[in-house]
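Here the structure comes first, spelled out in structure tokens, and everything after it is commentary.
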Amino acid sequence: MLTIDRATYDSIVAHARRDHPDEACGVVAGPAGSDRPLRFVPMTNAERSPTFYRFDSMEQFKVWKEMDDRDEEPVVIYHSHTATEAYPSRTDVSLASEPNAHYVLVSTRAPDTVEFRSYRIVDEVVTEEEVRLVSQEE
Amino acid sequence: MAIEVRIPTILRSHTGGAKSVEATGATLDELIIDLDKRHPGLRDRLVDDSGLRRFVNVYLNDEDVRFLGGLATPVSDGDVLTVLPAVAGGAS
């Protein structure tokens, strides 16, 4: 299960809407081992594409170093699909490389409906999980 | 010459769980060959027939080696090499 606060959830959805029709991507960092996504870090999609995303390599280096210095890890790795459902594609699965992360997919195909789903992707096996929203105070 | 190599979570099965290992060489290519002698299988995860794998990022100190000289990039004692799998994917 992914437990995430409402403000972070809203920030992810807003980022996906803002970059539509291109795919948006980013991470939510949290203390290592805590499984708590607390620090929202939107990333540049270096591909600027409606069907592909890739973190800019230098930006990724900087953000990963920052997480290391703060004893954090990428608790959530998110990206959007802009014309298809919020389910990992074959590309998503074959490139998933953070076995401890929650992979969040947001679809912006419908302007009025939010599709926000979360998965574990380990050894190319996809497991969907429940998303539990909490208020920030919790 | 010893160069520190930082290993991402997903490749630590090759290093017995170690986050950071050492290797030697005068170029990135030599370094990766030495790394593979110490931790068999690692080279194949980093390099294919055309050079560095497309979805693996390798940084020498603070630079992406793609913007340096790829596998021919000279390395020296005290350098730090960081390996990060690219975060990528998409609907297609």
Taking the side chain as everything from C-beta on, heavy atoms only, tell me whether A:M43 gets closer than 4.5 Å to B:V87.
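They are not in side-chain contact.
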Hey, is the main chain of B:T9 close enough, under 3.5 Å, to the side chain of A:E98 for a donor-acceptor pair?
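Answer holds: no.
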Hey, is the main chain of B:A91 close enough, under 3.5 Å, to the side chain of A:E23 for a donor-acceptor pair?
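Yes, because the side chain of A:E23 sits within donor-acceptor range (under 3.5 Å) of the backbone of B:A91.
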Value rounded to 0.5 Å, distance of CZ in A:F61 from CG in B:N57
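Interatomic distance, A:F61 CZ to B:N57 CG, rounded to 0.5 Å: 10.5 Å.
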What distance separates B:R54 CZ from A:L95 CG, expressed to the nearest 0.5 Å?
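Going from CZ on B:R54 over to CG on A:L95, the span is 8.5 Å.
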Measure B:F55 against the heavy atoms of chain A and call it side chain, backbone, both or neither at under 4.5 Å.
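Both parts, heavy atoms under 4.5 Å.
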Need one label for [X]: side chain, backbone, both or neither, based on atoms under 4.5 Å from any heavy atom in chain B.
X: A:K62; answer: neither
X: A:A46; answer: neither
X: A:D56; answer: neither

Test of understanding: clusters of I, L, V, M, F, W, Y form through side-chain heavy atoms closer than 4.5 Å, transitively. Do [X] and [Y] belong to the same one?
X: B:L52; Y: B:Y59; answer: no
X: A:V76; Y: A:Y103; answer: no
X: A:V104; Y: A:V93; answer: no
X: A:L105; Y: A:I12; answer: no
X: B:I32; Y: B:L11; answer: yes

Who in residues 106-124 of chain A is close to chain B, using a strict under-4.5 Å heavy-atom cut-off?
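The list, in residue order, is empty: none.
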Run B:K19 and A:D68 through side chain to side chain contact (heavy atoms under 4.5 Å, CB included) and show every step you take.
CA-CA 11 Å; B:K19 225 176 143 169; A:D68 221 37; 3.7 Å; yes
CZ of B:R66: more than 12 outside heavy atoms within 6.0 angstrom?
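Yes, CZ of B:R66 has more than 12 neighbouring heavy atoms, counting only those of other groups under 6.0 Å.
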Any donor-acceptor pair under 3.5 Å linking the side-chain atoms of B:D64 with those of A:S57?
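Yes.
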B:P85 and A:Q60: which non-hydrogen atoms are nearest, and at how many Å?
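Closest approach of B:P85 to A:Q60, heavy atoms only: O-NE2, 3.1 Å.
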Pairs of heavy atoms under 4.5 Å with chain B: top-ranked of A:Y53, A:F52, A:F55
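Answer, by heavy-atom pair count under 4.5 Å with chain B: A:Y53.
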Please identify, among A:I77, A:D92, A:T91, A:N100, the residue contributing the most non-hydrogen atom pairs under 4.5 Å to chain B.
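The residue among A:I77, A:D92, A:T91, A:N100 with the greatest pair count is A:D92.
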